[in-house]
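Take a look at this one; I'll ask things after.
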Amino acid sequence: MTVESTAARKPRRSSTKRVSAKKPQRSEPELVQLLTPEGERIEHPDYSIDLTPDELLGLYRDMVLTRRFDAEATALQRQGELGLWASLLGQEAAQIGSGRALRDDDYVFPTYREHGVAWCRGVDPTNLLGMFRGVNHGGWDPNTNNFHLYTIVIGSQTLHATGYAMGVAKDGADSAVVAYFGDGASSQGDVAESFTFSAVYNAPVVFFCQNNQWAISEPTERQTRVPLYQRAQGFGFPGVRVDGNDVLACLAVTRDALERARRGEGPTLVEAFTYRMGAHTTSDDPTKYRADEEREAWEAKDPILRLRTYLEKQGLADAAFFEELEAESESLGKRVREAVRAMPDPDQMAIFENVYADGHALVDEERAQFAAYQASFAEEGK
Amino acid sequence: MTVESTAARKPRRSSTKRVSAKKPQRSEPELVQLLTPEGERIEHPDYSIDLTPDELLGLYRDMVLTRRFDAEATALQRQGELGLWASLLGQEAAQIGSGRALRDDDYVFPTYREHGVAWCRGVDPTNLLGMFRGVNHGGWDPNTNNFHLYTIVIGSQTLHATGYAMGVAKDGADSAVVAYFGDGASSQGDVAESFTFSAVYNAPVVFFCQNNQWAISEPTERQTRVPLYQRAQGFGFPGVRVDGNDVLACLAVTRDALERARRGEGPTLVEAFTYRMGAHTTSDDPTKYRADEEREAWEAKDPILRLRTYLEKQGLADAAFFEELEAESESLGKRVREAVRAMPDPDQMAIFENVYADGHALVDEERAQFAAYQASFAEEGK
Amino acid sequence: MAVQKLPLAKAINESLRTALDTDPKVLIMGEDVGKLGGVFRVTDGLQKDFGEERVIDTPLAESGIVGTAIGLALRGYRPVVEIQFDGFVFPAYDQIVTQLAKMHARSLGKIKMPVVIRIPYGGGIGAVEHHSESPEALFAHVAGLKIVSPSNSADAYWMMQQAIQSDDPVIFFEPKRRYWDKSEVDTEAIPGPLHKARVVREGADLTLAAYGPMVKVCVEAAAAAAEEGKSVEVVDLRSMSPIDFDTIQTSVEKTRHLVVVHEAPVFYGSGAEIAARITERCFYHLEAPVLRVGGFHAPYPPARLEEEYLPGLDRVLDAVDRSLAY
Amino acid sequence: MAVQKLPLAKAINESLRTALDTDPKVLIMGEDVGKLGGVFRVTDGLQKDFGEERVIDTPLAESGIVGTAIGLALRGYRPVVEIQFDGFVFPAYDQIVTQLAKMHARSLGKIKMPVVIRIPYGGGIGAVEHHSESPEALFAHVAGLKIVSPSNSADAYWMMQQAIQSDDPVIFFEPKRRYWDKSEVDTEAIPGPLHKARVVREGADLTLAAYGPMVKVCVEAAAAAAEEGKSVEVVDLRSMSPIDFDTIQTSVEKTRHLVVVHEAPVFYGSGAEIAARITERCFYHLEAPVLRVGGFHAPYPPARLEEEYLPGLDRVLDAVDRSLAY
Ligand SMILES: Cc1ncc(C[n+]2csc(CCOP(=O)(O)OP(=O)(O)O)c2C)c(N)n1
Ligand SMILES: Cc1ncc(C[n+]2csc(CCOP(=O)(O)OP(=O)(O)O)c2C)c(N)n1
Ligand SMILES: [Mg+2]
Ligand SMILES: [Mg+2]
C-alpha cells in the first residue's frame, strides 16, 4: 500500500484541520417573528400585521384542516390507497401564511409538498392525491387556481416561476409569482439561475424557501454553511428569514415581498425556518438518520399549537369554535377518503393521450397497434 | 389585435416602471488597488506586497511576452494558420498577477483565454495553439504543469476545480486550486454549484473571475445587478474585487486567497475587474455592440503601461531592459510563428484514438473499416 | 417579398421577423441575439426593430433560458429560443427533457408548450470543440418533443413558421454549414406539412435518405451515381421526430435499397431507427440491408480531421455501391 | 464469503464494500448515500465502516456531483457516484456528455476518467413521475461512455467490480425492480469480460435479446414458449455500449429470428441499433425482420398504467409469434 493510499484511509492532521475549520462560521440569525412559540404576540420593527379576529380564526382553520387532510393522506397511503405521500406536517404555518398572502391573480409554482398552499389557492385537496395514487402526474388545471402542477425535479420550477414573472412584467400586470422550494433545492444550479434571471429582468417573483432542515436524510449543513436567506444578497435582491412556524410572520413577510414585486422592485427570497416533523415521504425512515429529541424539541414550536394558545389567551375562540372545526376536519377527512377510494383507474389508452398537442404520427401508430393488440385478447377471451 | 397583444408591443407604464427600477441599485464598490493607472504605488489596509526589483521586472516581462504571444496568435489567425483565436488583450495583469501567486504544486483550471496563466505555469505557448489551429482539442499534459486543459463549455471547469480541491484536502496536502471563469460564466448553474460544494466541503479553491465586462456582446448587466464579488458571501465565503489591470494587486489578493485555502479556511472568490480590449474572438465584431470610446477609456488603464510608468519612475528599468525585452518578444513571436507553421496535421486515424482508455469493440470495428476504406483509394490510386 | 433567393440564415431571419410581426406573443431569446444578432447573425436587426422586450439577450445560462421560456409559455408567450451552438444545449437538457417535453402530458393536456429551440448544428465550418455536433438523436428518443431540420432556404422559412405556430415544443436544428447557401423562398407559397419528407430527386435503383446538411451531399452523390448509370432517389426527411416512414417506405418499395446518411454518430443514431423500422415495413422488398453512413463512435474531431470524419461524397457513394452489390 | 445467495441490491453493496476495502482511492458519492444508505439501501452501512471522507453525502445537485467527481478523478480518486433515480440524471447530463465522456480524448489520452455513475433505473415499482425511466440510449449514443446493466446478483457484484476497475467512465444502470431478487454470487469466481453478452437459455427457433430488468421476463417468455413447442434462446446483453454483436450474431445465425426487448421507448432505443446492425450482419440468415418490444413514444405513465406500458410476458410472446409467423 502506498503512502497516498494510507492518506485516503486515515485523515491526516491537515485534513482534520480543514474539517474542523468547517464548523460554526455561522451564528443563528434573527428570525422575523410576530408570535412566539408560547403564543405571545410580539412586534417587529420592519414587519407588522393587523388581522381581524375572523382572519385569525381563518388562518387557524386553514392550518387545522390542512393538517387533517395531510394526516388522512398519510393514512390512505398506509392503507394502500396511495403509492406515496409527502407530508407537510410541521410546515402548516409557512404554507398557510404565505398562501394567504396571495391575491387571486398571483401565480404559484409549488414543489410536491405544498398541500397547504394548494388549499389556500382553492385546489380541491382530492385533486392533489391523483399523482400520489398513481392515476396521473398532475390532476388539476393550473390556470383555474393559478397554481401550477407539482414539480418533482428539484428546483426546476423556480425557473418556470421566473419566466412566468417575466411575462407578467411584459404584460404590464401587477400580479406577482411565488416559487416554492426546499433547503435541499437551494443547491441546484437551476435555483441559482432563477436568481440571476429574476434579478437581471427584475421579475416580480418571490422565492419562498421552506427550510425544513432536512433534504431526505441530509441536514442543511450539507447544502450551505451560512443561513440560506443570505444567498439572495449576492444576486442583488433582499433575503429575509422568517419563523416558519409563525403563521402571522409568514403572512406579513410574504405580503411585504409580494408588494415589493408588485411595485416593480423585483425578487425577494424568503427563508421560512421550519421543521419537517414527519418522514420525508411515506417511503422514508428518519430513524436511520436523525434523533427523536430533535423532532420533540420542534414539537414544542408547533405552528398550530401556538396560534391556538394565542386565540385562547385572547379569548378569540371558544370551545364551540374548536368543536365545530373538529367536526369540519372529520368531514373533510371523510370526503377525501371517499373521493380517493372512488377515484377510477385511468383508461389504459390514456398512455397515448396528450403526448403532443398537435399529434405525432408515431403515437398514432403505436396507439392503433396497442388497441389492436389489446383487442386480440378480447377476441381470444370470447 | 387584442389588448394583450398591444401590451406586448408597447411597454405600458407599469412595465416601464419595472424597467426603470432596475437601474442603479449599485454603487461601484471599492477595488483593491496597489498601483494606480498613473503608475503610483498606493497602500491598502488589507493587502500589501513587497517585491524585489527583479520580481517587478519579472512581472513586467511576463505581461509583455504574453501580450506579444497573443498578438502573434491573432496575426496567425488572420494569416489562416489558426482557425480562431481568443485574445487576452487587456487582461495581462489579472492573469500574470494571479498566475505568479501560485506554487508549483497548486493546480489551475482555466477557461479558453488563460494564455497568461499558462505562461506562468510554464506551458509552452505553442501548445496552446493546437486547439485553435484545429489539430487537437488540448495539446498538453495537464499534470506536467498542473494546468488543466482549456475548457470551452462555460463554467463547467469550476466544478472540476472544486472536486480536485476536495481531493487535495482528502490527501492532507496543503496545495490550492484556482478556477478561472468569466463574468458571463457567473450565470451558469455549474458555477453556483461549485460555490456550494466548495463551501460545504471547505475545499481549498480560489475562484478567480475575470470580469472583463463583456460576454461576447453582452455587458455584465445582463448577468448581474450587483458586483460579482458579492456573490460569494451568500454561499458563506469571502469575495473581493481587485483592480484587474493592476498586476500587483492581483498578485497580492490571489496570494492571500491561496493562503486562506492552504490554511484550511476554504474558498475565496476574487473578482478581477478588467476589460476585454479586443474582440471576443477573431470571429467577433465588437463594433456591432459597443462604442469605441469605452475601449479607449480603458486603454488609459492599460496594465502594462502602468507598471512601465512605475518602473521608470522608480528607476528600476533602463532603456537596455526594454530593448532586450523587445528583442525577446520578437524572438518569441518568431518561435511561435515557426512552430505553428511546422505543426503537422494529425494522422487521420487519430479520430479513433483515445476515445476509450480500455478500448471499445465498436471503435475497433470502425477503425478497421475506415482503414480498409481509405486503403481502397490507395489501391485505386495505384 | 414573395419569391426571392436567400441564404438559409437570412430565410430564418425573415421567418422570425414575420412571426414577430404577426404574433405579438412571439419572443426571441438567447445569448447575444440582440445587438449582435447572434453569432451567425440569424437574429440580425430584430432587436432594433422589435425592441428589447421582444428580442431578449439572456444571461449566459442555457437551463435558465429554456426554463424561463417554459414559464413565459405558461404565461401565454411563444418563445423562440436560440442555443448558440449544438454543444451548448446540454446544460438545458434537463429542462428540455423533464419539463418542456412532459408538461403537456403531465397536465393531461391543460398546458401547451409552444416553445421553439433553435440549434445551429453539424460540422464543416472548421470550428473548435463543441461547435460541430449533431445531437438530434438525443432529443428524438424523448417523447413530447418534435425534431426538424431544414436543408434549404424555403424549408428554413416555412418550417420555422410552422414550428412557431405549433403548440408543441419543436427543436429546430439549423444546418450551420448551409447558412450561407442561397436558394429560392416563396413567402406566399402554401407549405406542406411540417413533418412530411420530400423526394428531392427521383430514382429507381436506390434510396438515399438524409436531412439537414447531408441532403446536399446526397443530391451530389445521386448526380455522381447517375454518371455511372445508377439511378438514385434522394429523400429529404426534414423531420426526425416524427419520421415520415410512409414516404421512405414508398421509395424503398420501388428502389429496394436504402442508405441513410447523417453527420451524427451512427451508433444509436437516427439511421438505426430508420433501418429498423423500414426493414420491418419492407422486409420482402429490400434486396440489401439498410446501410448507414454517418459519424464514428468518437468525439467530433479537431477541425483538421473533420473532412475525414464527416460523411462526404465518397463515403456515400461507397455505401451506394455496397448496397447495390448485394 | 465465496458463494452466497444475495438480493441484487445487496450484491452491489458487497461489491462496493470490497472496492472500498481494496482500493483506498475508491469513493462513494451521492445524495443520501451516507447514514441513510441510499433510498434503496444500496450503500447501507458503508459510511459507518469507511467514514465520511470515503462515503460522501453530497449537496442536492447532480451536475455538482458528477462535476466534482471528475475533479476527484483528475486528482487520482475513483469516484462511484449515485444518481438517486433515473429521472434525476439530467441535471448532470452536460457534465457527463461534454466533460466526463470527452476528457480522455480531449487530453490525447493523458487523462483517465475512472468514474462510475450508478443509476437505479426502470419501472415496475409503482413510483411517481421521473422514478421509472430507462434513459440508457441517451448515453449509449455518446462516445466515451460505457453503459452496462446487470440482470442478476452475480453480475451485479462482478460487473461493479469491473466498472470500478475500468479507466473509462461507466454508467451502471441498476434494474431497480430486481433489487430484491435473490440469486447466487460467488465472490471468488473469475468473471468474464464486462462487455460480453451471455446466452442464458439456449434455443433453436428464435433469439430474445434483453438486458437488466427484462432478462427475467424473457426467460419466462422462453419457458412459456417452450410449452408451445417453440425453442427460444435468450441472450443477456449486459452491455449497451459496446454491444456484443458477435454473440447476438452467432445466436441469430442459428435461430434466424431476433426479438429485442427493453423497457425504454422503442423509438431511437437500443433495439433500433441492434436491429440495424444485426440485419446488416445477418441479412441472408434472417427469416423475419428484427422485432422490437419496448416502451411507447410517450412519457412513462402514472403507476396505475405501468403494467400496460411495460413490455410483459404477453407482449414478448406476441412478438415471438409474429416473428415466427413470417
Ligand atoms: C433533481 C432531483 N434530484 C433528486 C431528487 C430526489 N429527491 C426528492 S425530494 C429530495 C430532497 C428535497 O429536499 P428539500 O429541497 O429540502 O425539500 P423537502 O423534501 O425537504 O421539502 C430529493 C433528493 C429529485 N426529486 N430531483
Ligand atoms: C455552455 C456554453 N454556452 C455558450 C457558449 C458560447 N460562448 C463562448 S464564450 C461566451 C461568452 C463568455 O463570457 P465570459 O464568461 O464573460 O468570458 P470571456 O469570454 O469574456 O472571457 C459564450 C456565450 C459556451 N462556450 N458554453
Ligand atoms: Mg427540506
Ligand atoms: Mg467576460
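So you know, we letter chains A, B, ... as the sequences are listed, proteins then strands, and number each from 1.
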So, for B:Gly189 and A:Glu193, which heavy atoms are closest and what is the spacing to 0.1 Å? N-OE2, 2.6 Å
Region of A:Gln223 in contact with chain B, defined by heavy-atom distances below 4.5 Å: backbone
Under 4.5 Å, heavy atom to heavy atom, which residues of residues 154-164 of chain A contact chain B? none
B:Ala192, B:Ser187, B:Ala232, B:Ser194: which one forms the most heavy-atom pairs within less than 4.5 Å of chain A? B:Ser187
Could you tell me the separation between the CD atom of B:Gln233 and the CZ atom of A:Arg231, rounded to the nearest 0.5 Å? 12.0 Å
In terms of heavy-atom contacts, does CG of B:Asp46 have more than 12 from other residues, nucleotides or ligands at under 6.0 Å? yes
Shortest non-hydrogen pair, B:Val200 vs A:Thr224, comes out as CG2-N, 3.6 Å
Residue pair A:Phe237 / B:Arg225, side-chain heavy-atom distance below 4.5 Å: yes
